[in-house]
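Small disclaimer: the values here were computed from a predicted structure and weren't measured.
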Amino acid sequence: YTVTYTYAGSSVNCINTGTNTATIDLTTTITPSFTQVAPVCSGDALAALPTTSTNGILGSWSPSINNTATTTYTFTPNPGQCALSTTMTITVNTPVTPSFTQVAPVCAGDVFTLPSTSNNGVVGVWSPAENNTATTTYTFTPNAGQCAVSTTMTVVVNSFIEPIFTPISDLCVGATPIVLPLISNNGISGTWSPSQVDTSQSNISVYTFTPSTTISQCASPITISVHVIQCTIQKGISPNGDMKNDYLKLRAEKVEIFNRYGKEVYSKVNYDNDWYGQSNSGSSLPDGTYYYVIQLLGGETKSGWIYINKQD
C-alpha cells in the first residue's frame with residue numbers, strides 16, 4: 001500500500017510545507033508444513049527429517065534424530081523467507097514382549113497347538129513346527145508393524161513310563177483271591193481288569209492295568225499273567241527210580257518234613273518237586289510215615305502225613 005507523509009514549513013529552519021509519498025509491500029508470514037512421521041519402535045531406523053517443507057520453506061531441524069525416545073524437533077527456516085518456526089513430535093514406542101500361557105507338559109504323541117496371537121494381542125508365527133516327540137524350545141516372531149520383540153517357549157514332552165508291579169507267584173486253586181493294587185511300584189495309578197485274581201480253578205489268566213487319564217500321567221497299559229495250579233498233596237511216594245510216584249509232586253512256598261518223633265528231617269523253600277524221600281543231608285530216609293507242614297502258593301498252610309515206601 002502507499003503512505004503519504006505531510007510536513008509543515010518552518011521559517012526558522014527554512015523548510016517549506018510539503019508531502020512525501022512511499023509504497024510499502026507487505027508479505028504474509030508462512031508456517032512450514034510437513035508430513036507427520038509415524039510412530040516407530042525404539043531402535044528402528046529413523047530417516048533424517050526433510051529440510052524443505054511441503055510448502056517450499058527451506059531450513060534445518062534440531063536436535064539430532066533420536067530413535068530411542070519420543071522427541072520434539074524444531075524446524076528453523078533459513079533467513080529471508082518470511083516463515084515461522086514449527087515443531088514435530090516423533091513418538092518412539094517401547095517394544096512389547098508377547099506373553100503366552102505356558103503349555104503344560106504333554107506325553108509323547110499327544111497333540112498341542114501354539115497360538116498365533118499372544119495374550120496381549122501380538123500376532124506372529126512360531127518356529128520350528130510343533131514336535132510332540134521331544135522337548136523343544138519354540139521362537140515366536142511377531143508380524144511386522146507391531147513394535148514387538150520375539151519370545152520363546154519350551155514345551156516339555158515326557159516319555160511314556162511302563163508301570164511296574166511286583167510279580168505274582170503261582171497260586172494254588174482255592175487260595176485267597178488277590179486284589180490287584182491300584183498304584184504301581186513306580187507311582188502310576190489306574191485300574192485292573194479283572195480287578196482281582198481268580199483262584200477258583202486251575203488256569204493261566206491275563207490281567208490288564210490301564211493308567212488313569214484323570215491325572216497327568218504318561219504311562220502305558222500293561223498286562224500280567226497269573227498261573228493258578230492244582231496243589232494236591234499225595235499220601236505217599238515210592239522213590240525207587242521207576243519214574244512212578246518217585247517224588248512229592250507239588251510246587252509250594254515251603255515244605256517241611258518231620259519224622260514220627262517231631263524232628264525235622266527235610267526243609268525246602270520255593271519247593272518245586274524236590275523231595276524224593278531224602279533228608280536235609282541228602283541221605284535216603286527209611287520207609288515209614290512222615291508228617292508235613294506245607295505253605296502252599298498263595299500263603300495257605302496245610303499239614304498232614306505222607307508215607308515213604310520204596311518197594312511200590
Side-chain angles (χ1 to χ4, degrees), residues 160-215 217-259 264-280 282 285 289-309 312:
F160 274 91
I161 300 170
E162 181 174 298
I164 298 173
F165 292 91
T166 301
I168 298 176
S169 300
D170 292 349
L171 300 173
C172 293
V173 173
T176 301
I178 296 176
V179 176
L180 296 170
L182 299 181
I183 299 178
S184 70
N185 296 348
N186 53 343
I188 304 300
S189 63
T191 57
W192 286 94
S193 179
S195 61
Q196 68 177 25
V197 176
D198 178 13
T199 60
S200 63
Q201 59 184 345
S202 178
N203 59 55
I204 298 177
S205 298
V206 176
Y207 300 83
T208 300
F209 178 79
T210 303
S212 174
T213 58
T214 60
I215 58 177
Q217 297 183 125
C218 291
S220 53
I222 64 163
T223 60
I224 63 171
S225 296
V226 180
H227 192 186
V228 178
I229 61 176
Q230 192 70 46
C231 300
T232 302
I233 303 172
Q234 67 238 57
K235 289 299 183 180
I237 62 174
S238 55
N240 55 14
D242 63 0
M243 304 301 292
K244 297 179 181 179
N245 204 34
D246 279 344
Y247 56 86
L248 175 59
K249 187 177 181 180
L250 183 68
R251 295 178 65 189
E253 297 286 347
K254 184 178 182 181
V255 170
E256 294 175 288
I257 305 295
F258 302 87
N259 62 21
E264 180 188 278
V265 294
Y266 177 82
S267 178
K268 179 67 186 298
V269 176
N270 296 324
Y271 180 87
D272 187 4
N273 301 326
D274 299 300
W275 190 55
Y276 288 77
Q278 76 275 24
S279 67
N280 284 326
L285 294 170
T289 301
Y290 293 84
Y291 301 90
Y292 60 78
V293 175
I294 297 176
Q295 184 179 349
L296 297 174
L297 300 175
E300 183 183 4
T301 300
K302 288 191 174 183
S303 60
W305 60 268
I306 188 168
Y307 194 81
I308 297 176
N309 185 357
D312 291 342

Legend entry - Stepwise side chain to side chain contact (heavy atoms under 4.5 Å, CB included) check, C231 with L250: CA-CA 6 Å; C231 300; L250 183 68; 3.9 Å; yes
Heavy-atom pair of closest approach, residues [X] and [Y]:
| X | Y | result |
| --- | --- | --- |
| V228 | T199 | CG1-CA, 4.0 Å |
| I308 | G277 | CD1-CA, 3.9 Å |
| S184 | P163 | CB-CB, 3.9 Å |
| E264 | N280 | OE2-ND2, 3.6 Å |
| E253 | L296 | CG-O, 3.2 Å |
| K249 | Q234 | N-OE1, 3.1 Å |

Inset, instruction - Check the angle between the aromatic planes of Y271 and Y266 and answer parallel, tilted or perpendicular using the 30° and 60° thresholds. - result: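 Ring orientation, 0 to 90° scale: perpendicular.
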Please check this pair: side chain of [X] against backbone of [Y], looking for a donor-acceptor N/O pair closer than 3.5 Å.
| X | Y | result |
| --- | --- | --- |
| N186 | I164 | yes |
| D242 | N240 | no |
| S212 | T191 | no |

Inset, instruction - Determine whether the side chains of S189 and Q217 contain a donor N or O and an acceptor N or O closer than 3.5 Å. - result: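 Present: a donor and an acceptor within the cut-off.
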What I'd like to find out is whether the side chain of [X] reaches to under 4.5 Å of the side chain of [Y], using heavy atoms alone.
| X | Y | answer |
| --- | --- | --- |
| T176 | E300 | no |
| I229 | V173 | no |
| Y290 | N259 | yes |
| V197 | Y207 | yes |
| L248 | I306 | yes |
| I188 | F209 | yes |
| P211 | P221 | yes |
| I222 | E162 | yes |

What distance separates [X] [atom1] from [Y] [atom2], expressed to the nearest 0.5 Å?
| X | Y | atom1 | atom2 | value |
| --- | --- | --- | --- | --- |
| W305 | I257 | CH2 | CD1 | 13.0 Å |
| M243 | S238 | CE | OG | 11.5 Å |
| K235 | T289 | NZ | OG1 | 11.0 Å |
| Q230 | N203 | CD | CG | 11.0 Å |
| S205 | I224 | OG | CD1 | 10.5 Å |
| L285 | S279 | CG | OG | 5.0 Å |

Legend entry - Verdict with supporting geometry, Q196 and I178, side chain to side chain contact (heavy atoms under 4.5 Å, CB included): CA-CA 5 Å; Q196 68 177 25; I178 296 176; over 6 Å; no
Inset, instruction - Any salt bridge (charged side-chain N to carboxylate O under 4.0 Å, His left out) involving residues 184-211? Give me the pairs, sequence neighbours left out, ordered by first then second residue. - result: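 Counting only pairs at least two positions apart or across chains, no salt bridge (charged side-chain N to carboxylate O under 4.0 Å, His left out) contact touches residues 184-211.
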Legend entry - Contact list for residues 220-258, test ring-ring contact (aromatic ring centres under 6.0 Å, His included), sequence neighbours left out: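 Of all non-adjacent pairs touching residues 220-258, those that pass ring-ring contact (aromatic ring centres under 6.0 Å, His included) are Y247-Y276.
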Legend entry - Cation-pi, W275 ring and K268 (6.0 angstrom, 45 degrees):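 Checked: cation-pi criterion not met.
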